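Accompanying notes for the structure given below.
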There are 2 protein chains.
Amino acid sequence: MADRSRRPDLAAMIAPLLRELIAAEEPVLAAHGISMWGYVVLVALDGSSVRTQAALAAAIGADKTRIIRDLDELQERGLIERTPDPDDRRVRLLAITDAGRALKNAVQDEIQRGEEHWLSELSADERKTFLRALGRLSAGDRRRAARGRNGDTT
Amino acid sequence: MADRSRRPDLAAMIAPLLRELIAAEEPVLAAHGISMWGYVVLVALDGSSVRTQAALAAAIGADKTRIIRDLDELQERGLIERTPDPDDRRVRLLAITDAGRALKNAVQDEIQRGEEHWLSELSADERKTFLRALGRLSAGDRRRAARGRNGDTT
DNA sequence: TATTGTTATACTCTATAACTATA
DNA sequence: TATAGTTATAGAGTATAACAATA
């Protein structure tokens, strides 16, 4: 018999929720002709001080080899710029363009409007505490992850 | 310039957290010689009234074809039973064994002890509200998902 | 004809290794 | 010798299609 005193594993509660959130994002991304990784890249470049491709890969938890196609495409569409670093010509400095930021903001607005659908199941207090707690746990992630890397994001 | 009034997307906050939770589970699962899907199957069979393979696949969000190997292995190890349904001989009725339940409980205990590491970042109030809100959102998943299927879990 | 469980195939991701150009 | 970026290859994981047995 199942033990009612057990709570579900955190991962088991979160995984299906994430699956639905991603499924809801896909049509929005498709409508704007951008991939999930492409969107993640734009968000990372807009919000942080990430400059090099290696730092970007680390920041978004991707392998440095698997974001190159996305960077190529984003650059071809004029959504990001890749300029050689004069101080170290191995490095290519990344920057989001105005067009890239506009696209990212449009996509993000739509996605967050869709997420209200989920958050509306919570009371105002629950919502506030939930988002804060989630941010805390997520921030813990970043702190732990940062320790394993070189600590700098440029 | 980044707009500070934007909150991160829910998916963007949850995804890295889930990745870490899964990474923390893997050594536990490996120590008990069971795969992630195998564990998910045991949890589903222990806690609900799922009986057929098709219902199980739907319940855990997997394709019916991709759980067969796991079911084979779980059965070989005596952790589940697969018996033909006398009422419909196409169907094989699934049931967790005592050994399966014992393994599942042992793994679950270890996993949840590990999760305290994350939850300890929250205050008692935050923790309570967070888990309740997460359960609510996750329950919403199940309601929405159930509507898309046949409504019965047997 | 539809459905359960199964197998085989193809496809999509991802990780690994190897290469270049710089340092 | 080590590192940033790149490319090519191989592997894992997944979805799709087709099959046999039964309804």
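Note on naming: letters A, B, ... go to the chains in the order of the sequence lines (proteins, then strands), and numbering restarts at 1 for each one. Predicted model only: the values in this text are computed from it and were never measured.
- Rounded to whole Å, the distance from CE on A:Met36 to C1' on C:dT14 is 16 Å.
- Between C:dT6 and B:Arg82, a contact under 4.0 Å exists linking OP1 or OP2 to a side-chain N or O.
- Applying the side chain to side chain donor-acceptor pair (under 3.5 Å) rule to A:Arg127 yields the partners A:Glu116; only residues at least two apart in sequence or on another chain are considered.
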Restricting both atoms to N or O, compile the protein contacts to nucleotides 21-23 of chain C shorter than 3.5 Å, with distance only.
{"residue": "C:dA23", "atom": "OP1", "partner": "A:Arg89", "partner atom": "N", "Å": "3.1"}

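- Applying the salt bridge (charged side-chain N to carboxylate O under 4.0 Å, His left out) criterion to A:Arg77, with sequence neighbours excluded, gives no partner residue.
- For the residue pair A:Gln112 / B:Arg6, no side-chain donor-acceptor distance below 3.5 Å is found, with atom types taken as modelled.
- Paired with B:Leu10 under the rule side chain to side chain contact (heavy atoms under 4.5 Å, CB included), one option of A:Leu21, A:Ile111, A:Leu17 passes, and it is A:Leu21.
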Side-chain donor-acceptor pairs under 3.5 Å in residues 57-65 of chain B, sequence neighbours left out?
{"residue": "B:Asp63", "atom": "OD1", "partner": "B:Thr65", "partner atom": "N", "Å": "2.9"}
{"residue": "B:Asp63", "atom": "OD1", "partner": "B:Thr65", "partner atom": "OG1", "Å": "2.8"}

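- Comparing C:dT7, D:dT6, D:dA4 against the side chain of A:Gln53 picks out D:dT6 as the nearest.
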Inset, instruction - Treat primed atoms plus P, OP1 and OP2 as sugar-phosphate and everything else as base, then score nucleotides 11-19 of chain D 5' to 3': B for base contact with protein heavy atoms under 4.0 Å, S for sugar-phosphate contact only, - for none. - result: ---SSBB--
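- The distance between atom CZ of B:Arg51 and atom P of C:dT4, rounded to the nearest whole Å, is 17 Å.
- Atom CD1 in A:Ile68 sits roughly 11 Å away from atom P in D:dA8 (whole-Å rounding).
- Atom CG of A:Leu93 and atom P of D:dA4 are 13 Å apart (whole Å).
- Between the side chains of A:Tyr39 and B:Asp9, at least one donor N or O sits under 3.5 Å from an acceptor N or O.
- Checking B:Thr129 against A:Asp125 by side-chain atom types alone, no donor-acceptor pair falls below 3.5 Å.
- Listed by first and then second residue, the salt bridge (charged side-chain N to carboxylate O under 4.0 Å, His left out) pairs that reach into residues 88-97 of chain A are A:Asp88-A:Arg90, sequence neighbours excluded.
- The CZ-C1' distance, from A:Arg92 to C:dT20, rounds to 13 Å in whole Å.
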